[in-house]
Amino acid sequence: MDDKLNGALTEHFGHQKDFDVTDIFRFYSDRNSDISRTAVNWRIHALVQAGVIQRVGRGIYRLGKSNPFQPDLSPRMKKTARSIKKEFPYTGFCVWELATVNHFSHNLINFNILFVDVERDATDAIYYRLKEGDRHVTNIRKTYDDISELAGTVCIRPLVSHAPVRIWKDIPVASLEKILVDLATDREFFPFQGNEVLSIYDSAFEKYTINESAMLRYAARKEKKVRIQELINTIKRQ
């Protein structure tokens with residue numbers, strides 16, 4: 001790659017938080033009027049692979065190397081996920097733990113909950129199956145005044161279709177984009193939905209590469225897109 005041109009690109013976009021494909025095409029076409037969109041797309045791919053820029057949304061980029069969030073996999077997470085994969089091989093699900101929030105929150109949580117988000121039609125079947133081996137299994141359809149009432153449990157929740165789920169070490173886990181949207185919108189996470197959620201978002205966006213487009217698509221499926229867009233806009237203004 002052309003180190004001199006990459007340096008010019010870094011300097012050109014250094015004052016911008018984010019930029020899009022059109023901005024990048026304009027940068028290259030100003031230097032070579034004959035360059036094609038296809039050639040620019042290949043350069044964008046090479047820039048991402050080299051860590052010069054990172055993709056943070058559909059056609060949206062930011063300077064710097066991508067730094068995706070890599071969740072910790074507790075023994076309970078792995079055991080539960082493997083049990084579901086074995087017993088329900090065609091059912092979509094993901095696992096994640098409330099302790100994940102401690103990576104972003106200033107107010108550390110001193111208890112943990114394992115969330116198992118499952119396709120809605122399978123929630124009861126998986127609930128009763130997991131209950132056979134662990135009495136500390138609950139269903140989110142019950143009403144709780146305080147999330148701490150769920151401490152130490154495996155909590156079954158319905159999985160919204162097309163939720164952003166990823167495979168990490170052969171385990172389906174909730175992506176950071178999904179966790180952030182759920183924290184801001186689901187009733188069980190009400191204690192986080194004041195000023196704390198802004199602090200969590202600010203810290204998460206500062207530390208990790210986050211796909212805003214994936215967040216907004218997922219939020220739209222939950223009819224919460226306006227709320228999530230407002231949160232993203234707020235932390236960008238800070």
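Source: prediction; values computed, not measured. Side chains included, hydrogens not; waters and symmetry mates left out as well; all remaining heavy atoms used.
Put simply, CD1 on Ile210 and CG on Leu180 are 5.0 Å apart, with the number rounded to the nearest 0.5 Å. How far OG1 of Thr123 is from OH of Tyr128: 9.5 Å, rounded to the nearest 0.5 Å. Interatomic distance, CG of Leu231 versus CG of Leu183, reported as 11.0 Å (0.5 Å rounding). Taking NE2 of His12 as the start and CG of Asp30 as the end, the distance is 7.0 Å to the nearest 0.5 Å. Within the model, atoms CG of Asp202 and NZ of Lys207 stand 10.5 Å from one another, a figure rounded to the nearest 0.5 Å. For the atom pair CG (Asn233) and CD1 (Ile228), the distance works out to 11.0 Å, reported to the nearest 0.5 Å.
In this structure, Arg62 is not positioned above the aromatic face of Phe19 in the sense of NZ or CZ being under 6.0 Å from the six-membered ring centre and within 45° of the axis. Judged by a 6.0 Å distance limit and a 45° cone about the ring axis, Arg31 is positioned over the six-membered ring of Phe27. Cation-pi geometry between Arg129 and Phe88 is not met at under 6.0 angstrom from the ring centre and within 45 degrees of the axis.
When every heavy atom of His136 is checked against every heavy atom of Gly152, the shortest pair comes out as CB-O, 3.9 Å. Contact record, Thr185 with Gln193: N-NE2, 3.6 Å, taken as the closest heavy-atom pair. Shown here for Cys94 and Ala174, the closest heavy-atom pair between the two residues is CB-N, 3.7 Å. Among all heavy-atom pairs drawn from Val197 and Gly194, the shortest one is CG1-O, 3.3 Å. Here the closest heavy-atom approach between residue Ile109 and residue Asn102 is recorded as N-OD1, 2.8 Å. For the residue pair Ile140 and Pro158, the shortest heavy atom distance occurs at CG2-CD, 3.8 Å.
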Exercise for the section: Kindly determine whether Asp23 and Tyr61 satisfy side-chain hydrogen bond (donor to acceptor under 3.5 Å, both in side chains), including the steps that lead there. Expected result: CA-CA 10 Å; Asp23 295 325; Tyr61 298 87; over 6 Å; no
Practice task
Begin from the C-alpha positions of Lys225 and Tyr218 and carry the test side chain to side chain contact (heavy atoms under 4.5 Å, CB included) through to its verdict.
Solution key: CA-CA 8 Å; Lys225 183 176 180 179; Tyr218 176 52; over 6 Å; no
Problem - Test log, rule side chain to side chain contact (heavy atoms under 4.5 Å, CB included), inputs Lys85 and Phe93 - result: CA-CA 9 Å; Lys85 287 175 68 176; Phe93 76 96; 3.6 Å; yes
Handout entry: Working for side-chain hydrogen bond (donor to acceptor under 3.5 Å, both in side chains), residues Gln54 and Thr209
Key = CA-CA 8 Å; Gln54 56 183 294; Thr209 301; 2.4 Å; yes
Practice task
List the steps and the verdict of side chain to side chain contact (heavy atoms under 4.5 Å, CB included) for Asp134 and Arg76.
Solution key: CA-CA 11 Å; Asp134 188 342; Arg76 195 180 198 187; 2.9 Å; yes
Practice task
With side chain to side chain contact (heavy atoms under 4.5 Å, CB included) as the test, would you mind laying out the steps for Leu98 and Phe189 before giving the verdict?
Solution key: CA-CA 10 Å; Leu98 187 66; Phe189 303 121; 4.2 Å; yes
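Taking 4.5 Å as the limit, every side-chain heavy atom of Thr138 sits out of range of all side-chain heavy atoms of Ile156. When side chains are defined from C-beta on, Tyr127 counts as touching Lys131, because their heavy atoms get closer than 4.5 Å. Looking at heavy atoms from C-beta onward, Val173 lies in side-chain contact with Leu73 at the 4.5 angstrom threshold. The closest side-chain heavy-atom distance from Val181 to Leu216 is not below 4.5 Å. Pro71 is listed as a side-chain neighbour of Trp168, based on a closest heavy-atom distance under 4.5 Å. In this structure the side chain of Ile171 reaches within 4.5 angstrom of the side chain of Arg82, judged on heavy atoms. Looking at heavy atoms from C-beta onward, Asp18 lies in side-chain contact with Glu212 at the 4.5 angstrom threshold. Counting heavy atoms from C-beta on, the side chains of Arg43 and Tyr28 come closer than 4.5 Å.
Counting only distance, with no hydrogens or angles, the side chain of Thr234 and the backbone of Glu230 share a donor-acceptor pair below 3.5 Å. No donor-acceptor distance shorter than 3.5 angstrom exists from the side chain of Thr80 to the backbone of Met77, with no hydrogens or angles considered. Of the possible polar contacts, one joining the Glu177 side chain to the Asn211 backbone as a donor-acceptor pair under 3.5 Å is found. Looking only at distances, no side-chain donor or acceptor of Asn67 sits under 3.5 Å from a matching main-chain atom of Tyr208. Remark: the backbone N or O of Phe25 is paired with a side-chain donor or acceptor of Ser29 at under 3.5 angstrom. In terms of modelled atom types and a separation under 3.5 Å, the side chain of Tyr201 and the main chain of Ile235 share no donor-acceptor contact. With Ser175 contributing its side chain and Pro164 its backbone, the two residues share a donor-acceptor pair below 3.5 Å. Although no hydrogens or angles enter the test, the distance criterion places a donor-acceptor pair under 3.5 Å between the side chain of Glu119 and the main chain of Gly92.
Using a cut-off of 4.0 Å between Lys/Arg side-chain N and Asp/Glu carboxylate O, Asp182 and Lys178 are scored as salt-bridged. Under a 4.0 Å N-O distance rule, the pair Lys222/Asp186 qualifies as a salt bridge. Note on Arg157 versus Glu188: salt bridge recorded, some NZ/NE/NH1/NH2 to OD/OE distance being below 4.0 Å.
Under the 6.0 Å cut-off for aromatic ring centres, Phe104 and Phe205 do not qualify, their centroids lying 6.0 Å or more apart.
Note: the hydrophobic cluster containing Val154 also contains Ile84 (ILVMFWY, side chain heavy atoms under 4.5 Å, direct or indirect links). Note on Ile232: it does not cluster hydrophobically with Val226, by side-chain heavy-atom contacts below 4.5 Å among ILVMFWY residues. In the hydrophobic clustering of this structure, Phe190 does not group with Phe111; members are Ile, Leu, Val, Met, Phe, Trp, Tyr whose side-chain heavy atoms approach within less than 4.5 Å, directly or through other members.
Surrounding CZ of Arg120 are at most 12 heavy atoms belonging to other residues, nucleotides or ligands under 6.0 Å away.
Checked by atom type, the side-chain pair Ser66/Arg55 shows no donor-acceptor distance below 3.5 Å. A side-chain N or O of Asp117 and one of Trp96 form a donor-acceptor pair less than 3.5 Å apart.
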